[in-house]
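Quick notes on the structure that follows.
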There are 2 protein chains.
Amino acid sequence: MSKRKVSIEDIARRAGVSHSTVSRALRDNPLISPKVREEIKQLAREMSYVPNAIAQSLLSSRTNTIGVVVTSIADPFFAEVVEGIEQVATSSGLSVVLSTSHRDLKQEIAAIDNFHRRRVDGILVADSRISKQHTKQLTQIAVPTILINSQAEDQSEIFHSVAIDDRLGARLAVEHLVSLGHTSIGYLGVGDRSRSNQQRLEGYRIALAEAGLPQIDDWVAINDQDKTRTSDVSTGRKMLSKLLTAGVTGIFCYNDMVAVGALLACQELGISVPRDLSLVGFDGIALSRYVTPPLTTICQPMLEMGSFAMQMLLDLVQDKTVENRVLSPFLVQRGSSAVFRNNHK
Amino acid sequence: MSKRKVSIEDIARRAGVSHSTVSRALRDNPLISPKVREEIKQLAREMSYVPNAIAQSLLSSRTNTIGVVVTSIADPFFAEVVEGIEQVATSSGLSVVLSTSHRDLKQEIAAIDNFHRRRVDGILVADSRISKQHTKQLTQIAVPTILINSQAEDQSEIFHSVAIDDRLGARLAVEHLVSLGHTSIGYLGVGDRSRSNQQRLEGYRIALAEAGLPQIDDWVAINDQDKTRTSDVSTGRKMLSKLLTAGVTGIFCYNDMVAVGALLACQELGISVPRDLSLVGFDGIALSRYVTPPLTTICQPMLEMGSFAMQMLLDLVQDKTVENRVLSPFLVQRGSSAVFRNNHK
DNA sequence: ATGAAAGCGCTAACAT
DNA sequence: ATGTTAGCGCTTTCAT
């Protein structure tokens, strides 16, 4: 329970050698005779010496640490991404410092700034809100940085990135509903200014157009309480009826949480999914398998996105050149979507 | 995009003063005349100076960092706890380094060791497996450490702790089922050697005894594939039928994930919950509200456990005395439990 | 009000 | 094979 930590010099004093000899012995420098090397190592153990990584970092200017910014750690999507990050970070001997942005640019920048001060070796930002105008101040200090699913309207080309193809995902979702015979297909989105919502809406529109289906304004429901950003579940729950009265028989939801909210609303209204209404989600979080019926959804390879981004960052740290990557989502068909039949006589 | 970082000395050179003057100016030391102070600050801004926290730490021997060990970040329970930790850490200017143990003592110790080397100011360990025998090596280096829901059979008294009252929770669950008229009540547990499983089983037994109900061995199902620790959901799904054939009408599940697995199995078997069978979970994760029927469950205040533990750690870091805390879980009644009626004629 | 110098714990180039 | 010295970037006496 020694309060003061033991240093390399303490060991040197006890061993009657210089502190550099201790340093060498501990690092298996071949110059040190095997005998004293073992003696010193033994002594270090007895004195329960713990090397000071701070001092090492100051010298090497490497902290073996990467910073990760997510909007919330309790969000199952990011939790999964972070899991992927953590796996490859750990296996490469890197520690992960976690910060949350809560979808707020100010907090995001503060987090990144903090990482810069701490001299992390690299930074990963999920759902970044950083656009071109902010990049200047942030790139002054050259820390390898990768954006995962950047949400900025005008994303800077300065940072590297890995992202999901939102438009493709949306098209897969809508094409799936079309293939089931649905012709009145709605989009249930979220009202933050996120790029992914825009892109999914676009993909939805493109798919409708390609299928020769009409585009009705009332078939698109977006929760526009920008500020109080309610939970995705309650967004889905509240907005469902709007689409229902517009007469859709199939709905593509912004994500699984929104779909779950819609599902809940259906249960309250006595609407049977998928008999009366087909629902398609996005993300493929674990939860989507456990609701009743299980959600048909567009899966993002969350774990892979994390591990891939981390691998990219590793390359970047080693001055390798890396290429930005757009990953393709894929449809997983489950119980919430079914062939359209006109139940309403 | 300057590769080399600018230091306090660079600023000093440009300002024609000594580096200590710069240091003082930047830290608003009143000795520096307001005029030069502003000049230096302005210069620092222009040169986009970012203070080196590593150098500061070496000097102050404070890293403003705490280490957190969880079994998995993708587990909704720990995600919520970490969220609570992160909230109070951030508001106190502390960064959080995250590590995972995967319920493995070796990995847990490695993570803690790593934290020691990095000289974190404090450590939080969730689901710790550390027992008395390991404490010696770990307490040599005096870093304030708090265990959250320690799972060790013989928990060391050396560390501080915050934990949920598992036995109480189990009793609440069983008493709830008893109050609904159930007399054949099972326990569906997990087969790792965790303390919480033991305690919940104990609580279950105590509650049965107090209710004057018999204890039947076949009413307790525990997945004993210790090694390949399958997911909790599949544990619940696989073990349900065993309890069903034993004739129980109500089941207390180790946690919500196990309950979800049981629920899934019921759907496959055409058993109606809660009409044919009542299910009670544990934890109160978000998911428990979204399955059909929503789970009656014993809630742990996950967010609070995290923020409370972090608050405790903060006190510990400031040499205040803290008291270990056992939190009380509470019953939340939802759709998965109902009054017993003999449906089977 | 400012500069010079010491030192946090470590590694490595430079002696010997 | 081992010791001496310098220095990583910063804060903080101690002089002036």
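A straight line from CZ of A/R117 to C1' of D/dC10 spans 14 Å, rounded to a whole angstrom. When rounded to the nearest whole Å, the span between CG of B/D10 and P of D/dG9 equals 8 Å. At whole-Å resolution of the value, CG in A/N52 and C1' in C/dG7 are 14 Å apart. When the C1' atom of D/dG3 is taken as reference, atom CZ of A/R13 falls 16 Å away, rounded to whole Å. When the P atom of C/dC10 is taken as reference, atom CD1 of B/I54 falls 14 Å away, rounded to whole Å. Remark: C1' of C/dT2 and CZ of B/R37 are 14 Å apart, rounded to the nearest angstrom. We find that CE of A/M47 is positioned 13 Å from P of C/dG9, with the value rounded to whole Å. Separating the CD atom of A/E9 from the C1' atom of C/dG7 is a distance of 11 Å, rounded to the nearest angstrom.
Contact record, B/Q151 with B/S194: OE1-CB, 3.3 Å, taken as the closest heavy-atom pair. The heavy-atom pair separating B/L105 from B/R129 by the smallest distance is CD1-O, 3.6 Å. The two atoms that bring A/S131 and A/D154 nearest to each other are CB-OD1, 2.7 Å, heavy atoms only. Of all non-hydrogen atoms in A/I164 and A/M305, the two that sit nearest each other are N-CE, 3.9 Å.
Rounding to the nearest 0.5 angstrom, the gap separating the CG atom in A/L313 from the CD1 atom in A/I123 is 9.0 Å. In this structure, B/I112 CD1 and B/T145 OG1 are separated by 6.5 Å, a value rounded to the nearest 0.5 Å. If you take CD1 on B/I148 and CG on B/L124, they are separated by 4.0 Å, rounding to the nearest 0.5 Å. Rounding to the nearest 0.5 angstrom, the gap separating the OG atom in A/S61 from the CZ atom in A/R119 is 9.5 Å. Once rounded to the nearest 0.5 Å, the distance linking NE2 of B/H160 with CE of B/M312 reads 6.5 Å.
Under the 4.0 Å criterion applied to side-chain N and carboxylate O atoms, A/K41 and A/D28 are assigned as salt-bridge partners.
Within the 4.0 Å cut-off from OP1 or OP2 of D/dG3, at least one side-chain nitrogen or oxygen of A/S18 is found.
Less than 4.0 Å separates DNA chain D from at least one heavy atom of each of the following residues of residues 28-36 of chain A: A/L31, A/I32, A/S33, A/V36.
Taking five base pairs at each end of the helix from C/dA1-D/dT16 to C/dT16-D/dA1 and finding the rotation axis that steps the C1' atoms of four pairs onto the next four gives two axes whose angle is 50°, to the nearest 10°.
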(request) Would you give a per-nucleotide map of nucleotides 11-16 of chain D, 5' to 3', where B means the base has a protein non-hydrogen atom under 4.0 Å away, S means only the sugar-phosphate does, and - means neither? (result) BBB---
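The local environment of CD in A/E323 is sparse, with at most 12 non-hydrogen atoms from other residues, nucleotides or ligands closer than 6.0 Å.
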